[in-house]
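Structure first, commentary second.
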Amino acid sequence: MKELEKTYDHSKVEQKIYQKWLDSGYFNPDMLPNAKDREPFTIALPPPNVTGVLHMGHAFEDTIQDVIIRYQRMRGRRALWLPGTDHAAIATQAKFEKELYKKEKKSRHDFSREEFFRMIQKFALSNQQGILSQLHKLGLSMDWSRLAFTLDKQREKAVRTAFKKMYEAGLIYRGKRMVNWDPKAQTTVSDDEIEYVEQKDLFYHFKYGPFDIATVRPETKFGDKYVVMHPKDKRYKKYKHGQKIELEWINGPITATIIKDEAADMEFGSGAMTITPAHSAIDFEIAQRHGLDIDRVIDDRGVLLPIAGEFAGIHIKKARLEIVEKLRKKGLVTKIEENYVHNVATNMRGGGIIEPQIKLQWFIDVNKKFTLKNSKISGIPAGEKTTLKDVMRKTVESGQIKIMPERFEKIYFHWIDNLRDWCISRQIVYGHRIPVWYRGDEIHCDINSPKGEGWLQDTDTLDTWFSSGLWTFSTLGWPDETADLKTYHPTSVMIPGYEILFFWVARMILMSGFLLGDIPFRQVVLHGMVRDKLGRKFSKSLDNGVDPLDMTAKYGTDALRMALIFGSGPGNDVAFDEQRVKGMKHFANKLWNISRYVMTNTENAPVGAGFSRPQYDDGRASAAPTTDADKNILDKLDSVIKSVTNNLENYRLHEAAQEIYQFTWHEFADVYIEASKNQLKDEKLFEQTLYTLHFTLLTILKLLHPFMPFVTEEIWSKLGQKDLLLIVEWPK
RNA sequence: GGACGCGUAGCUCAGUUGGUUAGAGCGUUCGAUUCACAUUCGAAAGGUCACAGGUUCGAAUCCUGUCGCGUCCACCA
């Protein structure tokens, strides 16, 4: 028996233990003992963005997954946890461009496309290295041999194959539509990447012929030649739909047309509004309903077009005040309200304020009918017509995919109901380039460029979520029919934050449904966000960020893991409190000293590592001399095993963790170990007591291992156990 | 405007289908120390489970309403 230090020093243990695990090869499920006989269990890691470093949210998310995968491995599953990173297209390019400008005062225009792509890819891959080393330090049991990246060769093949199949099914089309244009990043963004930010502005009222119209954006008003009011608005009864009126406007007299449309809100302002169809989704719809002209006023850079007359060529930001000034001189400004609060659409991936524009873009049609040749989706038989929306809905509705907590299912359905076609093209270079080539009027979509002269590839790249949507199967080798794909797909459980339910979870269901006719995962367990102890988001401006690696250095990885799991309900946000991590470091030390006690006492015992359980194997009642304390602790142990197992099966990790903690400290240490001190002095009770101490400790180590892998593995080896605790059978 | 969540000890939070004196971590107070652990042990203080009704033999838990906080969706010219 080896001596144990008086205190547990994580810094001496963690790296050594992690190396032991790596050397064992058991992170790769195919290397597990009797791998072929094991039932597969798969988790695909939500790939962290290569934009930066890991934060506490990652530590939380990855700990949850590690607990589950370790538990399943011990339960005898062929447990695969597949790691990877996400190229995060627009976010990464935006970040790179920012740094490039800061460091070298250069922009994307200073480089060729190919050169610029290579620079960003290099930046991304160097970030990736940092992230991978952080993942190692968190003790995560991922299968590094299968590491994937959303923008590597194999994933490119998957992306192009997926695009081609959807294109051929007519689900991907190119069309001129109103999109969210970010003039700063010079690209479109999808509806889901818009974040509305409250902002205070001046609210201008103008005299528009006989009408009072209001706006915060006078610079869009040049093209306004339609005035819209509700058909039932009594104030405007005398005006007829289609009626023309002459009036004085910014650059002289114009002819305006009266439009009666129910989109006009009678309660708001004067009830009359002018519309700018080329730069507003709502206005665009109104214009389409009535067949109105759609005149572009602002270009891609936010500069006014010739329609603005003397203001043409001026940036909208600058033009606003000048326009108001001109209107004021003409006596057309009736009122200016200050501090008008309204929402502005912004690009949440580090871009600017969204300017709706009509552009030629690529879309995924979510309502178009198609036929699934092979379908494992319940509610959609093979050969039957369906839509992508239907796939997303039916898989969850039927319970084939379960979402936990359940309340998110409602939110998910609501999102599907309001879903519009997904704009997948981006005008940036960092991403998967659209696999479509043009030559004159010819168009060619394929995995590789077409043969022959004069073909030019589409310059757009794909929305990053397009490649993320393939993640569960592109990581397993799809489109090739690999053994991995057959063995490990559909994956067992997906564990993302609730904030990417739409971006990602829904898109994976869509992609897997169409391309494989199957679900990507059986279960979704959503977790909340990690906030600071006051419940605020971690943010740069508040400077309240906590680096997970600082915590692991200070208190140990086990302590951080346990602290994150301990006080968190499913789907709820977690308030991060350093004090709790400290408390869990104490717990690790407590366990360490419990082990010291058991070891020093079993040192001279006739029983060694091969402790048997003679008294309890069958017929507990008739067993050898046993005290109430023994019965009590072993009964409780049995019930803890059952309960912890049940809670882990149902992804109630926090409850499982609390039960083990409670049992270890306040039952085993506080009660039984105290009682054992007297029992060990009694010859008749000696062996029984040793047995109970030893058996209980070993079982605790097994139960606790998924949560606190390092300290448990270390003690396990000090106890002289041969196998790694990592793959020891889960207690029953 | 629509939907959802939360409000439990000083602080941060658990509390699975309603069931005995409501729990944890940290903090506070008092006491203990050669015997596994001061990163410890024992004890204590501290909660009308936001509020008001209702269902029930019984409600922190279910229902209705009120107040406060938060999130998501839609978006107003």
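We use all heavy atoms of the structure for the numbers below, so side chains are in, but hydrogens, waters and symmetry mates are not. Everything quoted here is computed from the prediction, not taken from an experiment. Reminder, nothing fancy here: chain letters follow the sequence lines and each chain counts from 1.
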Which pairs with one or both residues in residues 550-560 of chain A pass salt bridge (Lys or Arg N to Asp or Glu O under 4.0 Å), sequence neighbours excluded?
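Salt bridge (Lys or Arg N to Asp or Glu O under 4.0 Å) check on residues 550-560 of chain A returns K554(A)-E578(A).
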
Secondary-structure stems, RNA chain B, at least 3 Watson-Crick or G-U base pairs under 3.5 Å
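Ordered by first number, the stems with RNA chain B (at least 3 consecutive pairs each) read B:1-7 with B:67-73, B:10-13 with B:23-26, B:28-32 with B:40-44, B:50-54 with B:62-66.
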
For [X], check salt bridge (Lys or Arg N to Asp or Glu O under 4.0 Å) against everything at least two apart and list the hits.
X       : answer
R328(A) : E325(A)
E714(A) : K16(A), K718(A)
R393(A) : E397(A), D417(A)
E193(A) : R349(A), R426(A)

Distances under 3.5 Å between protein N/O atoms and the N/O atoms of nucleotides 27-29 of chain B, please, pair by pair.
none

Nucleotide-resolved protein contact map, nucleotides 40-45 of chain B, B/S/- at heavy-atom distance under 4.0 Å
SSS---

Could you state the CD-C1' distance from E198(A) to rC76(B), rounded to the nearest angstrom?
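Taking atom C1' of rC76(B) as the reference, CD of E198(A) is at 13 Å.
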
Is Y661(A) touching bases, backbone alone, or none of the nucleic acid, heavy atoms closer than 4.0 Å?
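Counting heavy atoms under 4.0 Å across all strands, the contact made by Y661(A) is with sugar-phosphate only.
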
Residues 401-411 of chain A, side-chain donor-acceptor partners within the protein, below 3.5 Å, at least two apart:
from	atom 1	to	atom 2	distance (Å)
R407(A)	NH2	N572(A)	OD1	3.3
E409(A)	OE2	I403(A)	N	3.3

Taking only distance into account, with no hydrogens and no angle test, what donor-acceptor pairs under 3.5 Å do side-chain atoms of residues 580-588 of chain A form with protein atoms, sequence neighbours excluded?
none

Residues two or more places apart in sequence or in another chain: which of them pass ring-ring contact (aromatic ring centres under 6.0 Å, His included) with F503(A)?
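Expected list: W465(A).
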
Positions of residues 407-416 of chain A (non-hydrogen atom under 4.0 Å from RNA chain B), listed by number:
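When residues 407-416 of chain A is checked for heavy atoms under 4.0 Å from RNA chain B, the hits, listed by number, are R407(A), K410(A), H414(A).
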
